[in-house]
Amino acid sequence: MSFPQHRPRRLRSTPALRRMVAEYRVHPSELILPAFIREGLTEPSPILSMPGVVQHTTDSLRRAAAEAVQRGVGGIMLFGIPEHRDATGSAGIDPDGVLNRAIADVRAEVGDALVVMSDVCLDEFTDHGHCGVLAEDGSVDNDETLALYAQMAVAQANAGAHVLGPSGMMDGQVAVIRQALDEAGHRDTVVLAYAAKYASAFYGPFREAVDSQLTGDRRTYQMDAANRREAILEVELDIEEGADMVMVKPAMSYLDILADVAAMSPVPVAAYQISGEYAMIEAAAANGWIDRRRAIEESVLGIKRAGAQMILTYWASELALWLDESHS
Ligand code: PBG
């Protein structure tokens with residue numbers, strides 16, 4: 001009886017062998033921690049649908065940023081929740097607005113030790129919860145919104161953000177932001193475009209995280225889950241418009257898109273493991289239905305393997321700690 005010469009199990013026989021032949025590994029520097037700051041809080045406020053994630057105060061945000069630095073995390077992506085909202089999201093542009101102040105605070109805390117990123121989008125700041133301003137018929141007005149994104153981007157760059165993440169899916173947003181940044185002298189501010197962002201049910205917990213005012217959905221501007229080819233067009237347009245990095249979002253239900261984008265993109269590719277992906281794993285683990293740590297590690301490794309060079313995940317700091325343990 002002859003056996004084939006290749007017996008793949010040979011390379012799986014010890015942890016050291018498995019580690020040595022591993023094709024992919026996640027490094028803390030590739031992880032980006034999304035974080036929420038809420039104006040007017042005196043204590044961090046738990047987000048019930050994202051156990052372990054909070055809306056931060058200024059102090060707790062600074063501590064979370066310092067912890068991320070200590071653990072070797074690559075970056076932090078900031079979202080702000082203002083006390084007052086209006087039709088045009090003016091608190092997002094105000095230099096004294098909660099997000100712009102948080103950017104400056106975090107920069108003061110971490111300097112250049114952590115890549116400080118911020119969300120360029122109006123949905124947290126508008127009283128209707130849409131990512132742009134509304135036309136008279138109630139639709140989201142693309143070009144009126146672009147002018148506001150340009151101002152918001154400059155305000156965030158002035159506050160000290162290293163990287164801006166336009167996430168509103170307005171056509172032409174990257175070009176307008178790039179031009180505004182250059183004109184304001186922010187030539188080195190990086191644009192990470194949410195290029196292929198899908199309208200997803202998995203954003204559910206994020207709505208609680210930012211106290212979203214949205215009724216309805218974002219299907220007239222975010223991509224349709226049925227479309228694969230269109231993601232390439234979105235990425236090509238954003239790169240033409242000057243995006244320094246591109247993102248696919250969500251991650252786990254869109255690994256095919258991520259692989260497609262990774263295969264064609266000449267610029268670094270990020271993926272965002274979003275709130276609902278976090279919530280699903282935490283909920284199953286809390287019920288004892290899956291092994292929490294293994295599920296988290298496997299999910300992030302899957303995103304890496306599909307082609308993400310950078311991964312936004314609410315587990316960034318915890319995962320970085322585990323990665324550190326497993327290397328030592
Ligand atoms: C828009 C934005 C959203 C998320 C990141 N940026 C919400 C949306 O598009 O509905 C979702 C992130 C998550 O679900 O973790 N500002």
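If you read the sequence from its start, that first residue is 1, and numbering goes on from there.
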Does [Y] offer a backbone N or O that forms a donor-acceptor pair with the side chain of [X] under 3.5 Å?
{"X": "Glu318", "Y": "Trp315", "value": "no"}
{"X": "Asn158", "Y": "Pro95", "value": "no"}
{"X": "Arg107", "Y": "Gly111", "value": "yes"}
{"X": "Gln55", "Y": "Pro44", "value": "no"}
{"X": "Ser299", "Y": "Ala295", "value": "yes"}
{"X": "Lys249", "Y": "Tyr198", "value": "no"}
{"X": "Glu277", "Y": "Phe202", "value": "no"}
{"X": "Ser275", "Y": "Phe206", "value": "yes"}
{"X": "Arg38", "Y": "Val210", "value": "no"}
{"X": "Tyr278", "Y": "Pro51", "value": "yes"}

Rounded to the nearest 0.5 Å, what separates atom [atom1] in [X] from atom [atom2] in [Y]?
{"X": "Ile32", "Y": "Gln273", "atom1": "CD1", "atom2": "CD", "value": "12.5 Å"}
{"X": "Ser265", "Y": "Asp238", "atom1": "OG", "atom2": "CG", "value": "10.5 Å"}
{"X": "Arg187", "Y": "Thr189", "atom1": "CZ", "atom2": "OG1", "value": "10.5 Å"}
{"X": "Gln222", "Y": "Ser200", "atom1": "CD", "atom2": "OG", "value": "8.5 Å"}
{"X": "Leu323", "Y": "Leu31", "atom1": "CG", "atom2": "CG", "value": "6.5 Å"}
{"X": "Asp217", "Y": "Leu214", "atom1": "CG", "atom2": "CG", "value": "7.5 Å"}

Please report the closest heavy-atom contact between [X] and [Y], naming both atoms and the distance.
{"X": "Tyr203", "Y": "Ile274", "result": "CD2-CD1, 3.3 Å"}
{"X": "Val269", "Y": "Gly307", "result": "CB-O, 4.2 Å"}
{"X": "Ile93", "Y": "Ala155", "result": "O-CB, 3.4 Å"}
{"X": "Ala270", "Y": "Leu312", "result": "CB-CD1, 4.2 Å"}
{"X": "Val300", "Y": "Thr313", "result": "CG2-OG1, 4.5 Å"}
{"X": "Val73", "Y": "Ala316", "result": "CG2-O, 3.7 Å"}

(request) Applying side-chain contact (heavy atoms from CB on, under 4.5 Å), name anything that partners Pro268, two or more places apart in sequence or on another chain. (result)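 Pro268 satisfies side-chain contact (heavy atoms from CB on, under 4.5 Å) with Met245, Gln309, Met310 once adjacent residues are dropped.
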(message) If you apply the rule side chain to side chain contact (heavy atoms under 4.5 Å, CB included), what do you find for Val54 with Ile47, and how did you get there?
(response) CA-CA 5 Å; Val54 300; Ile47 299 163; 5.6 Å; no
For [range], which residue pairs pass the side-chain hydrogen bond (donor to acceptor under 3.5 Å, both in side chains) check, not counting sequence neighbours?
{"range": "residues 223-236", "answer": "Asn227-Glu230, Arg228-Asp260"}
{"range": "residues 134-157", "answer": "Ser118-Gln156, Asp137-Ser139"}
{"range": "residues 125-135", "answer": "His130-Tyr221"}

Same apolar cluster: [X] and [Y], side chain cutoff 4.5 Å:
{"X": "Val235", "Y": "Leu237", "answer": "no"}
{"X": "Val267", "Y": "Val248", "answer": "yes"}
{"X": "Trp322", "Y": "Tyr24", "answer": "yes"}
{"X": "Val154", "Y": "Ile177", "answer": "no"}
{"X": "Ile257", "Y": "Leu255", "answer": "yes"}

(request) Using a strict cut-off of less than 4.0 Å between a Lys/Arg side-chain nitrogen and an Asp/Glu carboxylate oxygen, indicate whether Glu282 and Arg292 qualify as a salt bridge. (result)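 A salt bridge is present here (some side-chain N lies under 4.0 Å from a carboxylate O).
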(request) For the pair Asp244 and Arg178, find out whether any cationic side-chain nitrogen is under 4.0 Å from an anionic carboxylate oxygen. (result)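 Salt bridge flag = yes for Arg178 with Asp244.
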(message) Please verify the inter-ring angle class for Tyr272 with Phe79; under 30° counts as parallel, over 60° as perpendicular, anything in between as tilted.
(response) tilted
(request) Take atom CZ of Arg219 as the centre, draw a 6.0 Å sphere, and report whether it contains more than 12 heavy atoms from other residues, nucleotides or ligands. (result)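 Check fails, neighbour count at 12 or below.
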(message) Can you tell me if Arg293 has over 12 outside heavy atoms packed within less than 6.0 Å of its CZ?
(response)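 Yes.
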Residues 160-174 side chain polar contacts: donor-acceptor under 3.5 Å, at least two apart:
unit_1	atom_1	unit_2	atom_2	d
His162	ND1	Val116	N	3.0
His162	NE2	Asp112	OD1	2.8
Ser167	OG	Asp119	OD1	2.7
Gln173	OE1	Met169	N	3.3
Gln173	OE1	Met170	N	3.1

Below 4.5 Å, heavy atoms only, C-beta onward: do [X] and [Y] meet side chain to side chain?
{"X": "Arg218", "Y": "Asp123", "answer": "yes"}
{"X": "Met264", "Y": "Ile232", "answer": "yes"}
{"X": "Leu181", "Y": "Val191", "answer": "yes"}
{"X": "Ile37", "Y": "Val98", "answer": "yes"}
{"X": "Arg18", "Y": "Pro15", "answer": "yes"}
{"X": "Asp96", "Y": "Asn100", "answer": "no"}
{"X": "Val53", "Y": "Phe36", "answer": "yes"}

(request) For side chain to side chain contact (heavy atoms under 4.5 Å, CB included), just list the numbers for His56 and Leu41, CA-CA rounded to whole Å, side-chain angles, deciding distance to a tenth of an Å, and then say yes or no. (result) CA-CA 8 Å; His56 281 290; Leu41 279 186; over 6 Å; no
(request) Not counting sequence neighbours, list each pair that qualifies as a salt bridge (charged side-chain N to carboxylate O under 4.0 Å, His left out) and has a residue in residues 63-91. (result) Glu67-Arg71
(message) I'd like to know whether Val246 forms a side chain to side chain contact (heavy atoms under 4.5 Å, CB included) with Leu192, so could you lay out the CA-CA distance, the side-chain angles of the two residues, the decisive distance to 0.1 Å, and finally the verdict.
(response) CA-CA 5 Å; Val246 292; Leu192 163 58; 5.8 Å; no
(request) Tell me, with the steps shown, if Leu134 and Val140 meet side chain to side chain contact (heavy atoms under 4.5 Å, CB included). (result) CA-CA 5 Å; Leu134 304 184; Val140 174; 3.8 Å; yes
